[in-house]
Amino acid sequence: MQPGLPTETHPLRGDERRREVAQRRVEELRDLINTHDYRYYVLDSPEVTDAEYDALVRELRGLETEFPELVIPDSPTQRVGGRPSVLFAPVPHQVPMLSLDNAFSAEELAAWASRVERRVRSSPECVCELKIDGLAVSITYENGVLVQAATRGDGQVGEDITANVRTLRSVPMRLRGKELPRVLEVRGEIYLPVKAFERLNQELTQRGERPFANPRNAAAGSLRQKNPAVTASRPLRLWCYGLGFAEGVTFSRHSESLDYLKRLELPVNPAVKQVRTLKQAQSFCAHWQEHRHDVDYEIDGVVVKVDALELQRELGETSRAPRWAIAFKFPPEERTTRVKDIAVNTGRTGRVTPFAVLEPVRVSGATVTYATLHNEEEVHRRDVREGDTVIVRRAGDVIPEVVGPVLSKRPPDTRPWRFPKKCPSCGTKLVREEGEADWRCPNRVGCPSQAIEWLFHFASRGAMDIEHLGYITGTQLLERGQVKDPADVFFLTAEELGQLPNFGEKSVHNLLSAIEAARHRPLWRLLVGLNIRHVGPFAARLLTQAFPSMDALRQASLDELQGVQGVGPRIAQSLHTWLQQPENVRLIEKLRRAGVQLREEAPARRPTTRGRLSGRTVVITGELESMSREEATHAAEAAGARVTSSVSKSTSFVVVGKDPGATKYDKARALGIETVDEREFLRRLGERPTVH
Ligand code: IVH
């Protein structure tokens, strides 16, 4: 029996009365819970303790169990699994979700302001907002009820993530204001607070799973879950920053629409400032650049928007970004710390990379303990030594890197660092090929470091996506000899897994189900997992589209592989050689015996790149995360671009990856040529960035 409900002597009348009372209490509880959610998530000023809140939810659940007819889809208890899922189905955006142009300095912001002034012949009032580094989302309410949530996708078509977004308690399932329009599409950014990100990574590491690189990737990974219950377990939040399609409300200023969203009790970031002059905008940017870590979420800049909607219309937009807004991007953050040690690591392809072990230091909201030193030449060029105080930089997604030593702080007894001659993992003599910057460990089959890195790559989200097969489990399987190569994973039995330390029945079941699911992954994922040099997800999809089975790929001649548009000679050569090597033929046969799908069931989604960059001249500098430089070049060329190696006035834009060449970057800035990051490059190619 529920607290507070009267009992009656007359059975029928009593039941009816109890139901009525229950109904009233249920409504009251829902309203209370929604109010507490609002106070907690939007106003950031909770009125009750967690225990009191939980008691309300428990009471509501109890009543809904007793009176199932009182359950409604937008009850706070129905956030998970409220309706059949159409997760990730395409959702066309009624109003395209555009991107923003960037300004990397106060001068570039000034140049944008002058362009605006020239066009509208006045100096318009603007609104400055924080640029939240999360995931863009569009949430549609019809008559106040949340009916759909979608990702940005390519800006024209997103993916349905309604079931997952419903699990966010900072997102109301029903709007509560008095001025509800018929349709309201709210746009904003979903993010994971930094503390929650750190907690999540700790949990993942403890479970032997790979931590996320940063809060944005963690938010993306959490939202892209096929199981909304997992999303529900991640404390994702929302900041709304604008409207998409709306019917039944109109505004004359952007700031009015933000106030309206606030009145509807939607979360709108409080750091919004209306400015009248460029100087005010610049000082808002400077302030937040200085104070970016004062808030518990990542921001990567400031967005400045012309406030009057009439002027926004007059300014219009290009195909990718509005002219009435600009993103002022914060420069990469730099900190100094001490190098405790310089070590090398042998990666999955045998490449040996030097890295610095640092005195832990917080950079861009994350604690950095290791930073890459790229390769031997770089260590020597920068002359980084053990014991040095160094400048460490972290920009966006990229791995932290050591910029260089602070020579004035160098202790007297340091010595230049020498690259080891042998692999730190297996002791094999390292080799360096003519014209290559990297040392490699040639012991492909017997090197433990290559084996674990390969296994981990094989199981990763970007390849075969075998959940629960993380570093710890992988290392144990390799050390016990239960797995020698990734194909062995598919022969693992419950008995064998049950012998692993701390592996209970549930872990065994979870891992076996994940392995079973991986047997049916698209062929391009397998190709990526096989760890073939230069073959990343982009080329793999093009290749498996042209040759939709492993046998077809193996039978293809070098010429035929090269003939696939977007696949260059180095990629084709590398794949061709790999497919002919006897140990690889054996590996493929083993995968076949294991029942792994070796043909494309549905045609791979062809990256729709054709013509998207035609007439554009592109320079790529630095390493990209989701594709090799080879792939990036061919992808750009396949999209119609001319890819050149140096920056000139005719360069359309420069793609800046990890560790960009300083000359190219500086020249682009000097000539005022647009620089874009990997994410933006993929967007321009029409690709969706791979979520890691
Ligand atoms: S306005 C048409 N405001 O930044 C303009 N975007 O690089 C639409 N973002 O895709 C964007 N904070 O996901 C706007 N306060 C803010 C933002 C913001 C973060 C994201 C947004 C957009 C990306 C563009």
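These figures come from a predicted structure and were not determined experimentally. Residues take their numbers from the sequence shown, with the count starting at 1. As the structure lists them, so they are numbered: ligands from 1, and atoms in each ligand from 1.
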For ligand 1, which of its N or O atoms have a protein N or O partner closer than 3.5 Å, and how long is each gap?
{"residue": "ligand 1", "atom": "3 (N)", "partner": "K305", "partner atom": "NZ", "Å": "3.0"}
{"residue": "ligand 1", "atom": "4 (O)", "partner": "K131", "partner atom": "NZ", "Å": "3.4"}
{"residue": "ligand 1", "atom": "7 (O)", "partner": "K131", "partner atom": "NZ", "Å": "3.4"}
{"residue": "ligand 1", "atom": "12 (N)", "partner": "I132", "partner atom": "N", "Å": "3.0"}
{"residue": "ligand 1", "atom": "13 (O)", "partner": "E189", "partner atom": "OE1", "Å": "2.6"}
{"residue": "ligand 1", "atom": "13 (O)", "partner": "Y241", "partner atom": "OH", "Å": "3.1"}
{"residue": "ligand 1", "atom": "15 (N)", "partner": "E129", "partner atom": "OE1", "Å": "2.8"}
{"residue": "ligand 1", "atom": "15 (N)", "partner": "L130", "partner atom": "O", "Å": "3.0"}

side-chain contact (heavy atoms from CB on, under 4.5 Å) evaluation trace for T140 with Q94
CA-CA 11 Å; T140 305; Q94 300 215 43; over 6 Å; no

Stacked cation flag R237 on Y41, 6.0 angstrom / 45 deg:
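That pair does not qualify as a cation-pi contact.
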
Identify whether the distance between the nearest side-chain nitrogen and carboxylate oxygen of K329 and E680 falls below 4.0 Å.
no

[X] side-chain N/O to [Y] backbone N/O, donor-acceptor pair under 3.5 Å:
| X | Y | answer |
| --- | --- | --- |
| E256 | F251 | no |
| T675 | V654 | no |
| R335 | V363 | no |

